[in-house]
2 protein chains.
Amino acid sequence: MSEILKAHINKFVTVNDEEFEAILSYFQFKRISKKDNLLEEGQICKSNLFVLHGVLRKFFINDKGTEQTTEFAIEQWWMSDTFSFINQSTTEFYIQTVENTELLYIDKVDYEKLLETHPVMEKHFRCIYQKAYAAAQMRIKFLYDYSREELYYHFLKAQPEFLQRVPQYLIASYLNFTPEYLSEIRKKGIS
Amino acid sequence: MSEILKAHINKFVTVNDEEFEAILSYFQFKRISKKDNLLEEGQICKSNLFVLHGVLRKFFINDKGTEQTTEFAIEQWWMSDTFSFINQSTTEFYIQTVENTELLYIDKVDYEKLLETHPVMEKHFRCIYQKAYAAAQMRIKFLYDYSREELYYHFLKAQPEFLQRVPQYLIASYLNFTPEYLSEIRKKGIS
DNA sequence: CGAAAATTTGACATGACTCAACTGGAGTGG
DNA sequence: CCACTCCAGTTGAGTCATGTCAAATTTTCG
């Protein structure tokens, strides 16, 4: 179970079993069923989530009342509203399970304690955030560069694993277009 | 001059004069005039730039041959193609000066040496990238949530300092619309 | 099996782009 | 200091990608 976190951490830094146990003690475990909210608009994002099994999505509700998905997370991904988490300010996002999900999470205070007591985690999170930021920059580029249709094909190619696990209307939401338009694109594609 | 970097670093961590001198020794100084390129498509982003005075922008050229600005940097901001920098892969971006600019920069190898020899910098960059990632997440949200017109007004409110320093057509490019359309919005706004 | 949820279809609407032409101001050179 | 050029910004007409809305169809799942 927690082996997943251990493997994840050892991608960027080296921690032995003993130190890992100490690190792990800052985390808590949770099992939640499909479509449950882990975070809701107006709350403070108290914890940083690490997915062991399952799928999460982050979304907000726009002025038309539509849910806009901005992010998915599967195994070995971190999920939080980073802005709300680091500033402990209220969030505009929801975080919800797409499937039954098992995760580890760490609260803000424990996160800070962890970083103090285990400097190796400074490096770990520096690497994680550096990589996440690089990915976000690329994503912003795609949003500038691609039409909706191109975004769809790029998504298919880059993240095929989601297609099996996430319903179409959530993919449409993630790609920032209507289910109707996605439907149209798919029809065109098949021919 | 380098006081600017010192002040910046001391926002997140504490380094005394002596340690700062050691840290500074990993950086190099450069002065470049308006409209010069610091990075071009196809190159590898060898260094991470820190602006002392001036303005930088990052852009790519789309298939229609238009420059698409994705990022500005002013005093005390870092600029690089993070993806290209961390993987030392070829970039699709240009980094160009908008004004005459003075900056400090650190090459990838020196960046890694710096992190090894000065663990305090792990924390510094963890904080920097964490914040940058949070900002990128918010920016992605705005790109999902706002119409072009709303993006413009949001930009006006959030980054008024750019209006004075950056020509309109670059702002249009940054907001991902045509100069003509920006013109239309401004006309509407004045009435 | 039936109800609710997801997906598709089609008619119509619109935000934003394209292209071409015009205006005005900032340099530059004679 | 004028004339000329060049580039940024504006205007307007026409167009297209994508959205809206309503209804039909298919799938999911209790």
Side-chain angles (χ1 to χ4, degrees), chain A residues 33-37 55 57 59-70 72 94 96-100 142-156 162-191, chain B residues 33-36 55 57 59-70 72 96-100 142-156 162-191:
Chain A
S33 52
K34 196 170 167 170
K35 296 226 175 182
D36 264 16
N37 285 341
V55 181
R57 72 178 179 117
F59 66 92
F60 65 93
I61 297 183
N62 66 21
D63 13 288
K64 284 175 200 142
T66 312
E67 295 182 358
Q68 283 278 357
T69 303
T70 62
F72 291 113
Y94 295 76
Q96 193 177 84
T97 47
V98 177
E99 300 173 354
N100 295 341
F142 295 140
L143 290 173
Y144 274 72
D145 201 13
Y146 292 164
S147 68
R148 297 288 202 273
E149 188 169 349
E150 288 169 327
L151 281 175
Y152 173 66
Y153 287 114
H154 179 262
F155 177 79
L156 280 198
F162 285 121
L163 272 195
Q164 274 91 51
R165 301 177 69 174
V166 174
Q168 304 267 331
Y169 74 95
L170 287 184
I171 290 175
S173 168
Y174 175 70
L175 295 171
N176 198 16
F177 47 65
T178 57
E180 293 93 327
Y181 191 58
L182 176 54
S183 196
E184 208 176 313
I185 291 173
R186 298 186 72 231
K187 190 171 66 170
K188 234 188 347 186
I190 293 160
S191 60
Chain B
S33 53
K34 197 172 167 168
K35 296 225 174 183
D36 265 15
V55 181
R57 72 178 179 116
F59 65 92
F60 65 93
I61 297 183
N62 66 20
D63 13 286
K64 286 177 198 139
T66 311
E67 295 182 0
Q68 283 278 359
T69 303
T70 62
F72 291 114
Q96 193 177 83
T97 47
V98 176
E99 300 174 352
N100 296 341
F142 296 140
L143 290 174
Y144 274 71
D145 200 13
Y146 292 165
S147 68
R148 297 288 203 269
E149 188 170 348
E150 287 169 328
L151 281 175
Y152 173 67
Y153 287 114
H154 179 262
F155 177 80
L156 280 197
F162 287 121
L163 271 195
Q164 275 90 51
R165 301 177 69 175
V166 175
Q168 304 267 331
Y169 73 96
L170 287 185
I171 290 174
S173 166
Y174 176 71
L175 296 172
N176 198 15
F177 47 67
T178 57
E180 292 94 328
Y181 191 59
L182 176 54
S183 199
E184 207 177 313
I185 290 173
R186 298 186 72 231
K187 190 171 68 170
K188 234 186 349 184
I190 293 159
S191 62

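Note that the coordinates shown come from a computational prediction; the quantities given were computed from them, not determined experimentally. Only heavy atoms go into these numbers, but all of them, side chains included; no hydrogens, no water, no symmetry mates.
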Practice problem: Could you check whether the rings of B/Phe155 and B/Phe162 sit parallel, tilted or perpendicular, using 30° and 60° as the cut-offs? | Solution: parallel

Self-check item: Partner set under ring-ring contact (aromatic ring centres under 6.0 Å, His included) for B/Tyr152, not counting sequence neighbours
Solution: none

Exercise. Return the set of residues passing side-chain hydrogen bond (donor to acceptor under 3.5 Å, both in side chains) with A/Tyr181 (not counting sequence neighbours), or none when no residue passes.
Key: none

Quiz item: Roughly, in whole Å, what's the span from OH in A/Tyr152 to P in D/dA17?
Solution: 19 Å

Exercise. Using side-chain contact (heavy atoms from CB on, under 4.5 Å) as the criterion, list what pairs up with B/Asn62, not counting sequence neighbours.
Key: A/Asp145, B/Phe60, B/Lys64, B/Thr66, B/Gln68

Quiz prompt | Relative orientation of the end axes in the helix from C/dC1-D/dG30 to C/dG30-D/dC1, expressed as an angle to the nearest 10° (five pairs per end) | solution = 50°

Quiz prompt | side-chain hydrogen bond (donor to acceptor under 3.5 Å, both in side chains) against B/Tyr144, all qualifying residues, sequence neighbours excluded | solution = A/Arg139

Quiz item: Who passes side-chain hydrogen bond (donor to acceptor under 3.5 Å, both in side chains) against A/Tyr169, sequence neighbours left out?
Solution: A/Lys35

Practice problem: Could you tell me the separation between the CG atom of B/Asp145 and the C1' atom of C/dG15, rounded to a whole number of Å? | Solution: 16 Å

Quiz item: Over how many whole Å does the gap from B/Ile185 atom CD1 to D/dG9 atom P extend?
Solution: 14 Å

Self-check item: Contacts of type side-chain contact (heavy atoms from CB on, under 4.5 Å), residue A/Gln168, not counting sequence neighbours
Solution: A/Leu182, A/Arg186

Practice problem: Tell me whether the OP1 or OP2 atom of C/dG15 has a side-chain N or O from B/Ser147 closer than 4.0 Å. | Solution: no

Dump the pairs, protein N or O against N or O of nucleotides 28-30 of chain D, anything under 3.5 Å, distances to one decimal.
none

Taking N or O atoms only and anything under 3.5 Å, show me the protein contacts with nucleotides 3-8 of chain C, one pair per line.
from  : atom 1 : to       : atom 2 : distance (Å)
C/dA6 : OP1    : A/Tyr169 : OH     : 2.9
C/dT7 : OP1    : A/Gln168 : N      : 3.1
C/dT7 : OP2    : A/Tyr169 : N      : 2.8
C/dT8 : OP1    : A/Arg186 : NH1    : 3.0
C/dT8 : OP2    : A/Ser183 : OG     : 3.0
C/dT8 : O5'    : A/Ser183 : OG     : 2.9

Quiz item: Which salt bridge (Lys or Arg N to Asp or Glu O under 4.0 Å) pairs, counting each pair once, include a residue from residues 164-183 of chain B, with sequence neighbours left out?
Solution: B/Glu75-B/Arg165, B/Glu99-B/Arg165

Quiz item: Once you round it to whole Å, what is the distance between C1' of D/dT20 and CG of A/Asn62?
Solution: 14 Å

Self-check item: Phosphate OP1/OP2 of D/dG19 contacted by A/Lys64 side-chain N/O (<4.0 Å)
Solution: no

Exercise. Figure out the CD/P separation between A/Glu150 and D/dA17, and round it to whole Å.
Key: 11 Å

Quiz item: In whole angstrom, what separates B/Tyr153's OH from C/dG15's P?
Solution: 14 Å

Quiz item: Can you check whether A/Thr69's main-chain N or O pairs, donor with acceptor, with A/Ser173's side chain at less than 3.5 Å?
Solution: yes

Quiz prompt | Residue list, side-chain contact (heavy atoms from CB on, under 4.5 Å) with A/Gln96, at least two apart or on another chain | solution = A/Asn37, A/Arg57, A/Phe59

Practice problem: Provide, to the nearest angstrom, the distance between the CD1 atom belonging to B/Ile171 and the C1' atom belonging to D/dA8. | Solution: 13 Å

Quiz item: What closest approach, in Å, do B/Leu151 and B/Leu175 show between heavy atoms, and which atom pair accounts for it?
Solution: O-CD2, 3.9 Å

Exercise. Please check the phosphate of D/dG19 (OP1 and OP2 only) for any side-chain N or O of A/Tyr181 closer than 4.0 Å.
Key: no

Exercise. Measure the distance from OH on A/Tyr144 to P on C/dA16 and round it to the nearest whole Å.
Key: 14 Å

